[in-house]
Undergrad: 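Just passing along the structure, written as structure tokens.
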Amino acid sequence: TVEDRPDFSVETIRADGTPVEGFASMTKTGAVKKGRAAPLTVKVTRGADGWVLGVCCSHGCLDGQSFYEMVSTWSKLCAGREVSAQRPGR
């Protein structure tokens with residue numbers, strides 16, 4: 001999902017503690033288990049002075065380490081950097 005929100009600024013989020021829930025589409029565990037909801041959601045929000053990337057993932061899809069590795073690899077690919085095909089921790 002992509003959303004335009006010219007009413008917010010990235011600097012304001014850092015300063016006032018704006019709740020982050022509005023920047024991600026939260027997964028519902030029960031709905032994911034029944035196949036009625038996606039186990040992984042991504043939402044991009046464009047603000048007045050920057051972007052927020054909200055990623056929400058069911059623990060049944062990825063554990064914390066796997067989630068970190070996925071987002072880290074994704075960011076490297078977007079930056080045009082090389083990534084290793086090797087599995088983490090190997």
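Remember, predicted model here, so these are calculated numbers, not experimental data.
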Undergrad: To check you understand the geometry: which heavy-atom pair defines the closest contact between Ser72 and Ser75, and what is its length?
TA: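 Result for this residue pair: O-OG, 2.8 Å.
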Undergrad: On a heavy-atom basis, which atom in Val32 and which in Ala38 lie closest, and how many Å separate them?
TA: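 Closest approach of Val32 to Ala38, heavy atoms only: CG2-O, 3.6 Å.
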Undergrad: Verify the cluster assignment for Leu77 and Trp51: are they in a single hydrophobic cluster under the rule of side-chain heavy atoms below 4.5 Å apart?
TA: no
Undergrad: Yes or no on side-chain contact (heavy atoms from CB on, under 4.5 Å) for Asp63 and His59, after CA distance, side-chain angles and deciding distance?
TA: CA-CA 5 Å; Asp63 65 2; His59 187 71; 3.7 Å; yes
Undergrad: Take Arg5 and Val52 through the test side-chain contact (heavy atoms from CB on, under 4.5 Å) and record every step on the way to the result.
TA: CA-CA 10 Å; Arg5 294 257 322 260; Val52 175; over 6 Å; no
Undergrad: How long is the gap from CG on Leu40 to SG on Cys57, to the nearest 0.5 Å?
TA: 5.0 Å
Undergrad: About how many Å separate CZ of Phe8 and CZ of Phe23, when rounded to the nearest 0.5 Å?
TA: 4.5 Å
Undergrad: Step by step, would you call Val55 with Trp74 a side-chain contact (heavy atoms from CB on, under 4.5 Å)?
TA: CA-CA 12 Å; Val55 182; Trp74 188 13; 3.9 Å; yes
Undergrad: Looking at residues at least two apart in the chain, or sitting in another chain, which of them share a side chain to side chain donor-acceptor pair (under 3.5 Å) with Thr29?
TA: none
Undergrad: Show me the side-chain donor-acceptor pairs of residues 42-50 shorter than 3.5 Å, one per line, residues at least two apart or across chains.
TA:
| unit_1 | atom_1 | unit_2 | atom_2 | d |
| --- | --- | --- | --- | --- |
| Lys43 | NZ | Glu3 | OE1 | 2.9 |
| Lys43 | NZ | Gly22 | O | 3.0 |
| Arg46 | NE | Asp4 | OD1 | 2.6 |
| Arg46 | NH2 | Asp4 | OD1 | 2.8 |
| Arg46 | NH2 | Asp4 | OD2 | 3.2 |
| Asp49 | OD1 | Val10 | N | 2.7 |

Undergrad: Hey, what do you get for OG (Ser58) to NZ (Lys33), rounding to the nearest 0.5 Å?
TA: 8.0 Å
Undergrad: If hydrophobic clusters are built by linking Ile, Leu, Val, Met, Phe, Trp and Tyr wherever their side-chain heavy atoms come under 4.5 Å apart, do Leu53 and Val71 end up in the same one?
TA: yes
